[in-house]
Number of protein chains: 2
Amino acid sequence: MVDRQRGADADNDEALDRVFAALSDPVRRRLLSRLDGEALLVKELAAPFNISVQAVSKHIQVLVKAGLVRQERSGRVSRCRLDAGPMYEAALWVNRYSKYWQDQFDTLALWLGAAERPKRKRNSRRQS
Amino acid sequence: MVDRQRGADADNDEALDRVFAALSDPVRRRLLSRLDGEALLVKELAAPFNISVQAVSKHIQVLVKAGLVRQERSGRVSRCRLDAGPMYEAALWVNRYSKYWQDQFDTLALWLGAAERPKRKRNSRRQS
DNA sequence: TTGATATTCAATCAGACGGTTGACTAAGAG
DNA sequence: CTCTTAGTCAACCGTCTGATTGAATATCAA
């Protein structure tokens with residue numbers, strides 16, 4: 001029974017643990033990459049790998065528990081959809097250290113401009 | 001003997017594995033947080049935790065292997081210094097999904113301006 | 001109904017992980 | 001030299017992890 005002291009330190013966040021742990025595996029990172037833009041079935045997700053479908057299924061469960069993937073089952077198949085929301089906290093965490101990449105600051109600003117942001121609306125995000 | 005297919009996929013990066021794995025533990029995240037700005041000794045790093053110094057030392061070794069911390073020993077003590085360089089790749093990776101946080105885009109732009117950037121370099125290529 | 005397909009569950013296994021205690025090396029302090 | 005301090009090394013332990021194989025559960029097709 002470890003005394004947890006929850007909330008005392010914002011970094012002691014189990015959700016963040018799960019997100020970073022989920023991202024620490026190359027298979028899961030590839031899964032997330034493939035789910036960027038399209039929702040796929042387990043079978044489709046498993047196809048490129050030479051590990052068993054069960055292993056991929058377990059990887060997906062890890063992603064689900066991290067909140068990065070949602071599965072909606074319809075009939076026999078289970079369509080997996082990306083939910084990048086929990087990754088935001090992780091991004092905030094690592095970006096706190098962006099000051100140390102000042103050299104690559106241009107590159108850092110680059111994805112801000114290059115990542116799907118077709119035109120910079122000068123005002124107002126177009127809230128979906 | 002797994003055929004690795006190294007380089008075929010940029011996401012299959014063991015360095016990235018180690019960085020994300022290092023970040024997946026709250027103790028190590030707190031260590032990194034405390035090393036942000038000042039270099040500390042192992043003893044000083046271990047003080048706030050109620051785990052043994054050896055355990056903290058092992059955590060530091062994990063950070064060192066991930067390239068996030070460098071240790072320079074002078075005499076008896078070992079001063080630990082943050083090296084956020086390897087975190088940059090991790091930041092690039094998660095930031096690829098920033099388009100999904102469009103709602104929090106303001107916050108995302110916030111750390112760009114608000115994160116410890118007290119005085120920008122006077123020559124400062126910040127002409128957007 | 002029969003059979004193939006999609007996915008998960010269950011048991012198992014080797015190895016990594018996070019923690020402990022105890023011993024060790026090496027450097028300062030007396 | 002002796003004692004203490006800083007840090008790591010080594011062995012151990014319980015749990016988690018990533019993978020396997022085999023069985024179970026549903027769903028769809030014939």
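Chain letters run A, B, ... following the sequence lines, proteins first and then strands; every chain starts at 1.
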Using side-chain heavy atoms (C-beta onward) and a distance below 4.5 Å, is [X] in contact with [Y]?
X     : Y     : value
A:H59 : A:F49 : no
A:D13 : A:E89 : yes
B:P86 : B:R18 : no

Rounded to whole angstroms, how far apart are [atom1] on [X] and [atom2] on [N]?
X     : N      : atom1 : atom2 : value
B:I60 : D:dG7  : CD1   : C1'   : 9 Å
A:R79 : C:dT7  : CZ    : C1'   : 14 Å
B:I51 : D:dT8  : CD1   : P     : 14 Å
B:F20 : D:dT17 : CZ    : P     : 18 Å
A:D17 : D:dT15 : CG    : P     : 19 Å
B:K58 : C:dC17 : NZ    : C1'   : 8 Å
B:Q61 : D:dA10 : CD    : P     : 12 Å
A:N50 : D:dG18 : CG    : P     : 16 Å

- [ ] Treat each ILVMFWY residue as a node, draw an edge where side-chain heavy atoms are under 4.5 Å apart, and state whether B:I51 and B:V42 are in one component.
- [x] yes
Task: ILVMFWY cluster, A:L41 and A:L45 together (side-chain gap under 4.5 Å) - done: no
TODO: Specify whether B:Y100 and B:Y97 have parallel, tilted or perpendicular ring planes, treating 30° as the upper limit for parallel and 60° as the lower limit for perpendicular.
DONE: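 Parallel.
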TODO: Please tell me which of B:V53 and A:D25 maps to the more 5' nucleotide of DNA chain D, matching each residue to the nucleotide holding its nearest heavy atom.
DONE: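 Mapping each residue to its closest nucleotide by heavy atoms, the 5'-most match is B:V53.
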TODO: Taking A:R96 for its side chain and B:S33 for its backbone only, find out whether a donor-acceptor pair lies under 3.5 Å.
DONE: no
TODO: Spell out, as yes or no, whether a donor-acceptor pair under 3.5 Å connects the side chain of A:R29 to the backbone of A:L23.
DONE: yes
Task: Members of residues 62-75 of chain A that approach DNA chain C, where some heavy atom sits under 4.0 Å away - done: A:Q71, A:R73
Open item on the list: Near DNA chain C, counting only heavy atoms under 4.0 Å, which residues of residues 39-49 of chain A show up?
Closed with: A:L41, A:V42, A:K43
- [ ] Tell whether B:Q54 reaches the base of C:dG22 with its side chain through a donor-acceptor pair below 3.5 angstrom.
- [x]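 Yes, a donor-acceptor pair under 3.5 Å.
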- [ ] Tell whether A:R76 reaches the base of C:dT7 with its side chain through a donor-acceptor pair below 3.5 angstrom.
- [x] no
Donor-acceptor contacts under 3.5 Å from residues 60-77 of chain A side chains, at least two apart:
{"from": "A:Q61", "atom 1": "NE2", "to": "A:Q71", "atom 2": "OE1", "distance (Å)": "3.4"}
{"from": "A:Q71", "atom 1": "NE2", "to": "A:S78", "atom 2": "OG", "distance (Å)": "3.1"}
{"from": "A:E72", "atom 1": "OE2", "to": "A:R81", "atom 2": "NH2", "distance (Å)": "3.4"}

Open item on the list: Can you tell me how far apart CE (B:M87) and CG (B:L32) are? Round to the nearest 0.5 Å.
Closed with: 5.0 Å
Task: Residue B:V77, side-chain atoms from C-beta onward, closest of D:dG18, D:dT21, D:dG7 - done: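 Of all the options, the side chain of B:V77 is nearest to D:dG7.
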Task: Under 4.0 angstrom between A:S57 side-chain N/O and C:dT7 OP1 or OP2 - done: no
TODO: Answer with base, sugar-phosphate or nothing: what part of the nucleic acid does A:S78 contact at a heavy-atom distance below 4.0 Å?
DONE: sugar-phosphate
Open item on the list: Mind checking if B:R28 touches a base, just sugar-phosphate, or nothing, with heavy atoms under 4.0 Å?
Closed with: sugar-phosphate
